[in-house]
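Encoded as structure tokens, the structure appears first; notes follow it.
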Amino acid sequence: MRTVYWDYDRQTVKMIDQRKLPFEFIVAEFDDYREVARAIREMYVRGAPAIGATAAFGMALAARQSNAQTFLLMQDDLKNAGKTLETARPTAVNLSWAVARQLDVASKDEGSSVQDIRDSLLVEAQQIADDDVALNRRMGFNGAEQIAGGDTILHHCNTGALATVDWGTALGVVFAAHEQGKKIHVLVDETRPRLQGARLTAWELQQRGISFDLIADNAAGHFMRTGQVDIVLVGSDRTAANGDVANKIGTYKLAVVARENGIPFYPVVPTSTVDLSLANGDLIPIEERSQEEVLNAIDRPIAPAGITARNPAFDVTPHRYVTGIVTESGIVYPPFVKNLRKAVEQSRQGAWRDGPAL
Ligand code: MRU
């Protein structure tokens with residue numbers, strides 16, 4: 001089942017409510033793009049590629065909700081909807097990438113009727129969702145060449161099927177290696193404060209029968225220093241033109257400790273997550289979420305009442321700690337400024353579709 005999809009009978013957007021997993025499996029349904037934006041903000045759906053596809057479906061909903069009778073009035077309504085959707089979460093560039101793609105489609109042909117626009121936005125959203133699954137499979141295959149039988153992989157946050165439309169990014173590499181019959185083990189960072197590792201990654205690995213242990217985030221350094229980790233795989237919410245990688249808070253610390261211990265560190269990043277307009281990672285907006293997420297764990301207080309907390313949701317890993325970046329166009333190595341741009345261009349030309357059947 002896909003994380004997010006369009007229900008063609010009911011003309012609604014449906015998504016797995018990830019806030020409830022692994023304890024309850026609930027599919028939420030939306031017929032208003034503003035509610036879709038709220039679902040992104042409140043993390044019913046999360047993970048950069050998943051929220052990109054969700055925003056694309058949200059734009060298709062907005063076109064259906066609009067009462068505009070003319071091409072130009074429809075453009076105004078879609079631009080407003082786009083602003084609401086893309087500001088729901090600031091760090092993952094996939095949101096504004098998907099909105100921009102939909103606005104391009106909507107404005108391409110001034111001769112289009114409003115109904116044509118409604119139809120083409122749904123077709124485009126479906127294409128974004130289908131491509132996400134296919135290119136994740138390709139990235140998984142590309143990244144799996146770095147995994148040998150017997151490897152232990154350290155993983156942060158959730159980057160699996162739930163973080164995408166299906167299959168996953170960094171966890172997609174794990175799934176591909178497992179599918180190839182490599183005997184692997186995963187150390188799963190619990191990933192405080194939202195516990196995406198404990199709740200979601202552990203759930204996905206258990207369902208696939210892949211060997212893993214859940215670890216407290218604070219234990220990762222110990223496992224790396226004592227030679228119990230062969231490779232670190234993470235995702236990204238936005239990667240700058242120079243290869244600086246924004247990802248779930250705690251990723252930077254992992255990268256530094258990996259370098260200190262000679263362990264390769266590979267972010268797995270679809271090119272839709274690469275923002276060539278930003279020269280470096282200092283320009284990436286970092287979402288700061290509610291203090292309540294730090295002051296509570298699974299809705300129960302864990303600290304004295306009345307205190308304050310800080311809660312940046314992401315951090316930036318400078319590219320000097322990055323061994324290589326796995327994309328659908330292959331693994332990109334330094335110099336990232338030149339080679340990432342090349343990978344993005346190759347992907348825009350659809351080169352990743354030509355690889356061996358998977
Ligand atoms: O706050 P989240 O759960 O949306 O953060 C998700 C991550 O940080 C993932 O690593 C990232 O989106 C890339 S993997 C699909």
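Because only heavy atoms are used, hydrogens play no part in the values below, and waters and symmetry mates are left out as well, while side chains stay in. Every number for a ligand or one of its atoms is a count from 1 in the order of the listing. Quick note: residue numbers are just sequence positions, from 1.
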One line per pair, note the atom names and distance for all nitrogen or oxygen contacts under 3.5 Å between ligand 1 and the protein.
from: ligand 1; atom 1: 1 (O); to: Arg89; atom 2: NH1; distance (Å): 3.4
from: ligand 1; atom 1: 1 (O); to: Arg89; atom 2: NH2; distance (Å): 2.9
from: ligand 1; atom 1: 1 (O); to: Lys248; atom 2: NZ; distance (Å): 2.7
from: ligand 1; atom 1: 3 (O); to: Arg46; atom 2: NE; distance (Å): 2.8
from: ligand 1; atom 1: 3 (O); to: Arg46; atom 2: NH2; distance (Å): 3.2
from: ligand 1; atom 1: 3 (O); to: Gln196; atom 2: NE2; distance (Å): 2.8
from: ligand 1; atom 1: 4 (O); to: Gly47; atom 2: N; distance (Å): 2.9
from: ligand 1; atom 1: 4 (O); to: Arg89; atom 2: NH1; distance (Å): 2.8
from: ligand 1; atom 1: 8 (O); to: Asp237; atom 2: OD1; distance (Å): 2.9
from: ligand 1; atom 1: 8 (O); to: Asn247; atom 2: OD1; distance (Å): 3.2
from: ligand 1; atom 1: 8 (O); to: Lys248; atom 2: N; distance (Å): 3.4
from: ligand 1; atom 1: 10 (O); to: Asn247; atom 2: OD1; distance (Å): 2.7
from: ligand 1; atom 1: 12 (O); to: Ala48; atom 2: N; distance (Å): 2.8
from: ligand 1; atom 1: 12 (O); to: Asp237; atom 2: OD1; distance (Å): 3.2
from: ligand 1; atom 1: 12 (O); to: Asp237; atom 2: OD2; distance (Å): 3.1

### Message
Give me each pair satisfying side chain to side chain donor-acceptor pair (under 3.5 Å) with a member in residues 292-307, each pair once, sequence neighbours excluded.
### Response
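Qualifying pairs, neighbours excluded: Arg194-Glu293, Arg289-Glu293, Glu292-Asn296, Glu293-Asn311.
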
### Task
Could you list all the salt bridge (charged side-chain N to carboxylate O under 4.0 Å, His left out) pairs where at least one residue sits in residues 82-99, not counting sequence neighbours?
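Listed by first then second residue: Arg89-Glu287.
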
### Query
Can you check whether Arg238's main-chain N or O pairs, donor with acceptor, with Thr273's side chain at less than 3.5 Å?
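Such a contact is absent between Thr273 side chain and Arg238 backbone.
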
### Message
Can you confirm if the NZ or CZ of Lys248 lies within 45° of the ring axis of Phe314 and under 6.0 Å from the centre of its six-membered ring?
### Response
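Yes, Lys248 and Phe314 form such a contact.
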
### Task
For Gln207, check side chain to side chain contact (heavy atoms under 4.5 Å, CB included) against everything at least two apart and list the hits.
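Per chain and number, Gln207 pairs via side chain to side chain contact (heavy atoms under 4.5 Å, CB included) with Trp203.
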
### Query
Going by atom types only, do Ser272 and Asn94 share a side-chain donor-acceptor pair under 3.5 Å?
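Side chains of Ser272 and Asn94: pair found under 3.5 Å.
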
